[in-house]
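The structure appears right after this line, and notes come after that.
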Number of protein chains: 2
Amino acid sequence: MSPARRRVLSTASALFYAEGIHAVGIDRIIAEAAVAKATFYHHFPSKDALVHAYVEEQARTQREAMAQVTETAPRERLLRVFDAMGEIGALPGFRGCQFINVAAEYPERDHPVRQAVDAHRRWFHEEFRSELAAMGDPDPAATASMLMLVRDGIAVGANLDDPADVRAIVRQAVTRLLGPAV
Amino acid sequence: MSPARRRVLSTASALFYAEGIHAVGIDRIIAEAAVAKATFYHHFPSKDALVHAYVEEQARTQREAMAQVTETAPRERLLRVFDAMGEIGALPGFRGCQFINVAAEYPERDHPVRQAVDAHRRWFHEEFRSELAAMGDPDPAATASMLMLVRDGIAVGANLDDPADVRAIVRQAVTRLLGPAV
DNA sequence: CCCACAATAGACAGGTCTGTCTGGTATCGT
DNA sequence: ACGATACCAGACAGACCTGTCTATTGTGGG
């Protein structure tokens with residue numbers, strides 16, 4: 001990827017996450033990325049295309065982060081993943097889940113940006129489901145949906161409420177949902 | 001409340017919820033509310049003031065809805081509340097939690113709009129906490145925070161995933177968090 | 001060497017945004 | 001009857017938005 005394109009994408013990602021999509025204009029992005037306007041439109045045909053690239057990049061980043069959790073026992077791996085979420089939510093600059101926030105500004109379900117969000121959420125659910133299946137959960141798809149509730153709750157709560165409080169209860173919530181360790 | 005003001009507020013509420021705050025301009029609101037611009041600015045000194053009124057009205061509506069759940073046994077009352085959330089999430093036009101969506105477009109924590117969101121969330125948490133205390137929960141504040149996770153998860157999941165799926169698992173998730181009925 | 005390409009700066013068009021202002025009409029309480 | 005208040009229509013200012021365009025400058029591969 002060309003340096004200019006990378007600069008645009010990383011600048012836009014930071015601004016979109018921190019301030020929202022509609023609140024950040026192209027002029028601001030190209031100024032902070034130190035890129036000419038023509039260069040921007042050379043790499044991204046429209047702002048929507050940039051937003052789409054932003055969402056795809058975030059999805060890739062999260063998949064890589066998930067792959068870093070190398071715990072082999074599925075139950076422990078799930079707990080580690082949720083612990084990590086609690087920690088990330090307590091970091092300065094945390095402003096909730098990128099995908100939830102983007103979806104709040106893209107109401108149309110069939111918009112490409114929303115479809116990228118959907119795909120990421122399906123991946124997340126499947127990640128949970130397969131671990132639960134490996135644990136021998138009697139209904140891994142349903143339990144995975146419950147873990148999705150908690151996942152989204154962490155992202156929202158750590159943003160809008162006290163992140164330390166959220167972090168402190170995550171493990172207990174997940175443990176109660178999964179049932180006692182066998 | 002004057003008819004013009006009520007018309008503006010209800011029109012704005014529908015548009016803000018369906019399409020987002022930044023995506024809806026004043027001109028559109030006054031056109032659909034059939035109100036003169038001067039009338040609008042007579043009732044609301046700025047768009048932010050209108051957004052604030054929108055959030056306050058949503059908070060009032062939710063408090064009233066909560067008061068309608070008249071179950072006396074606290075555990076049953078909580079389950080009824082969560083059932084209702086699942087049902088609302090499956091209604092056509094559901095687009096997630098108003099407060100979460102608004103917060104996604106208002107990054108500044110000390111903004112009056114965000115403070116209104118915070119106040120509503122504190123009320124929600126307290127509503128859970130007091131029921132849990134009445135149930136004899138050993139740590140009602142912590143369990144209330146877990147229910148908040150589920151509450152937010154329902155709002156997000158019913159919007160971004162399959163609402164029927166979310167609705168089907170809510171009761172089970174809450175039951176697992178609360179523990180078996182005594 | 002030279003051509004294709006990536007990059008630069010910045011003007012420009014056409015639209016939308018919030019908010020102000022002018023000017024006129026109607027209703028209502030005193 | 002009259003003054004205050006609410007409401008209407010719509011022009012206007014000034015800023016910002018996305019996207020296009022011109023014109024020019026490096027730079028690396030064939």
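Note on naming: letters A, B, ... go to the chains in the order of the sequence lines (proteins, then strands), and numbering restarts at 1 for each one. This one's a predicted model, so the numbers in the text were calculated from it and none came from an experiment.
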Just the rounded figure in Å: distance from [atom2] of [N] to [atom1] of [X].
{"X": "A:I29", "N": "D:dT18", "atom1": "CD1", "atom2": "C1'", "value": "11 Å"}
{"X": "B:Y41", "N": "C:dT18", "atom1": "OH", "atom2": "P", "value": "6 Å"}
{"X": "B:F40", "N": "C:dG19", "atom1": "CZ", "atom2": "C1'", "value": "10 Å"}

Quick note, A:P3 side chain, CB onward, closest among D:dC7, C:dA7, D:dG19 is C:dA7

Against the side chain of B:H42, the closest entry in C:dT18, D:dT18, D:dA6 is D:dA6

Given protein heavy atoms under 4.0 Å, the one-letter contact record of nucleotides 8-16 of chain D, with B base, S sugar-phosphate only and - none, is simply BBBB-----

- Query: So B:M148 and B:R129, side-chain contact (heavy atoms from CB on, under 4.5 Å) or not? Walk me through it.
  - Reply: CA-CA 10 Å; B:M148 283 297 282; B:R129 197 205 57 77; over 6 Å; no

According to the interplanar angle, ranging from 0 to 90°, do the rings of A:F94 and A:Y17 count as parallel (below 30°), tilted (30 to 60°) or perpendicular (above 60°)?
-> perpendicular

Is it possible for you to check whether B:R151 lies under 6.0 Å from the centre of the six-membered ring of B:F124, through NZ or CZ, and within 45° of that ring's axis?
-> yes

Can you tell me if the side-chain N/O atoms of A:S46 get under 4.0 Å from OP1 or OP2 in D:dT18? no

Sorted by chain and residue number, the salt bridge (Lys or Arg N to Asp or Glu O under 4.0 Å) partners of A:K47 (sequence neighbours excluded) come out as none

(message) What contact category does B:H43 fall into here, base, sugar-phosphate, or nothing, at under 4.0 angstrom with non-hydrogen atoms?
(response) sugar-phosphate

TODO: Show your reasoning for whether side-chain contact (heavy atoms from CB on, under 4.5 Å) applies to A:M66 and A:W123.
DONE: CA-CA 11 Å; A:M66 184 75 88; A:W123 164 81; 3.7 Å; yes

So CE of A:M1 and CG of A:L9: to nearest 0.5 Å the spacing works out to 6.0 Å

